[in-house]
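Quick notes on the structure that follows.
These figures come from a predicted structure and were not determined experimentally.
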Amino acid sequence: MVQVHDRYALDGSDPNTYPNIFWCFGLHPRDGAAGKDAMNITVTGATGFIGRYLVQSLAKDGHSVRALSRAAWNVFGGEPPAESLTGVDAVVHLAGVPVAQRWSRSNKETIRASRVVGTHHLVTALSTLAQRPEVLVCASAIGIYGDRGNEVLTETSPAGTGFLPDVCRAWEHEAELAEALGVRVVKLRFGIALGRKGGALEKMLPPFRAFVGGRLGSGSQWMSWIHIADIVGLIRYAIDRPLSGAVNATAPNPLPNSDFTRELGRALHRPAIFPVPSMALRILFGEMSEVLLASQRVLPKAAQSAGYAFKFPELGPALRDLSG
């Protein structure tokens, strides 16, 4: 059994939620879940920020979830346990070491390997199955585009240059190899994830609540964000619909950082008048500060063309929903 350190992490409040999901890599149907549309779904990175919300959503709607955490599968060490993939209808691959850390040489190697090597091990495991899943939904990131100023970016835009674009290209390439196995592959390029108990918002809230929030650097860099409800919604849409290839998982209305921080201050009833200079960010975070200062004006053309309706297309309502 996988140990979960925060037993209320799935929804942040309900003590009855956790007993409904057994965190190991067997099947975990919710009570009364059996139904003709129920699916068997494996989720890697299941105890991470996105994974917790996704597993809760799937289990609530009657799907059987095989939840793989780091305790159940060491992505560096080899293939996931065979029983975690046997007979599943879909695999959602979210496992990866967090990018938001100082990028020492060893940390960069770990960030890359957790995604590229981990995905390689997963696809290798899929190749050994007699019955393969219909779809692999693999996480990626809008970091693939690099720093692009005011350029409008869609799924057809070329990748950028630098550490994160290189990692994302290699990551997506490993996922694409599953297509040769007859598996439909969806590469969800996540933007800045906003949600409670994790994600980017958790790091943004303390300075604003302390009345010292403000723009980062010049504030002109575009921020392509997405509410956790739409992250879960897009993953489930990708499972259920015939989507394939790259899909930008961002809300349709990105904003410059200065506007984003102003909206956050408004949602919290706090000023946003204390900017953080670019040099200070570089001193604090080193090379990783590129992520905070990069400009990525991303639009979710593939998701919208496929008919996905965003629950939170505008930042203001999204922040008010999450900051209350």
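Residues Ser69 and Thr47 share a closest heavy-atom pair of CB-OG1, 3.5 Å. What you find for Leu264 and Leu201 is that their closest heavy atoms are CD1-CD1, 4.0 Å. Nearest heavy-atom pair, Ser278 versus Ser218, reported as atom, atom and distance to 0.1 Å: OG-N, 4.3 Å. In this structure, Ala267 and Leu319 approach most closely via the heavy-atom pair CB-CB, 3.9 Å. Smallest separation of non-hydrogen atoms from Arg184 and Leu243: NH1-O, 2.7 Å. Of all heavy-atom pairs between Ser295 and Asp147, the closest is N-OD1, 3.0 Å.
Under a hydrophobic-cluster definition in which Ile, Leu, Val, Met, Phe, Trp and Tyr are linked whenever side-chain heavy atoms come within less than 4.5 Å, directly or via other members, Leu136 and Val116 are assigned to different clusters. Hydrophobic clustering, with ILVMFWY side chains joined whenever heavy atoms are under 4.5 angstrom apart, keeps Val183 apart from Trp171. Hydrophobic clustering (ILVMFWY, side-chain heavy atoms < 4.5 Å, transitive): Tyr237 and Val65 are in one cluster. A single hydrophobic cluster is not seen to contain both Trp225 and Tyr145; linkage of ILVMFWY side chains at heavy-atom distances under 4.5 Å, directly or through other members, places them apart. Under the 4.5 Å side-chain heavy-atom criterion for Ile, Leu, Val, Met, Phe, Trp and Tyr, Val43 and Leu234 are members of the same hydrophobic cluster.
Side chain of Gln221 to backbone of Gly219: a donor-acceptor contact under 3.5 angstrom is found. Checking side-chain atoms of Trp73 against main-chain N and O of Gly78 turns up a donor-acceptor pair under 3.5 Å. At distances below 3.5 Å, at least one donor-acceptor pair connects side-chain atoms of Arg52 with backbone N or O atoms of Lys197. Between the side chain of Thr86 and the main chain of Ala82, a donor-acceptor pair closer than 3.5 Å is present. Side chain of Asp230 to backbone of Phe312: a donor-acceptor contact under 3.5 angstrom is found.
Between Thr250 and Ile192, the closest side-chain pair of non-hydrogen atoms is not below 4.5 Å. When side chains are defined from C-beta on, Val152 does not count as touching Arg148, because their heavy atoms never get closer than 4.5 Å. With contacts defined as side-chain heavy-atom distances shorter than 4.5 Å, the pair Glu263/Ser258 does not qualify. For the pair Leu122 and Leu85, the minimum side-chain heavy-atom distance is below 4.5 Å. Pro252 places a side-chain heavy atom less than 4.5 Å from the side chain of Pro313.
Checking His93, Arg189, Glu172, Lys187 one by one against Ser140, the side-chain hydrogen bond (donor to acceptor under 3.5 Å, both in side chains) holds for a single residue, Glu172.
There is a side-chain donor-acceptor pair under 3.5 Å between Asp321 and His227. For Glu79 and His121, the side-chain atoms include no donor-acceptor pair closer than 3.5 Å. A donor atom on one side chain and an acceptor atom on the other are not found under 3.5 Å apart for Asn107 and Thr110.
Surrounding NZ of Lys301 are at most 12 heavy atoms belonging to other residues, nucleotides or ligands under 6.0 Å away.
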Pair Val88, Ile41 - check side chain to side chain contact (heavy atoms under 4.5 Å, CB included), show working. CA-CA 6 Å; Val88 299; Ile41 301 172; over 6 Å; no
Please lay out, stage by stage, how Ile50 and Ile235 fare under the test side chain to side chain contact (heavy atoms under 4.5 Å, CB included). CA-CA 10 Å; Ile50 294 173; Ile235 293 172; 4.0 Å; yes
Checking Leu177 against Thr124 for the side chain to side chain contact (heavy atoms under 4.5 Å, CB included) test, could you report, in this order, the C-alpha distance in whole Å, the side-chain angles of both residues, the deciding distance, and whether it holds? CA-CA 9 Å; Leu177 296 178; Thr124 299; over 6 Å; no
For Ile142 and Leu153: C-alpha separation, side-chain torsions, deciding distance, then whether side chain to side chain contact (heavy atoms under 4.5 Å, CB included) applies. CA-CA 9 Å; Ile142 62 171; Leu153 302 167; over 6 Å; no
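Remark: Asp61 engages Arg236 in a salt bridge, criterion side-chain N to carboxylate O under 4.0 Å. Residues Glu83 and Arg66 are not paired through a salt bridge, judged by the lack of any N-O separation under 4.0 Å between the basic side chain and the carboxylate.
Between Trp103 and Phe163, the ring centre distance stays below 6.0 Å.
In this structure, Arg270 is not positioned above the aromatic face of Phe208 in the sense of NZ or CZ being under 6.0 Å from the six-membered ring centre and within 45° of the axis.
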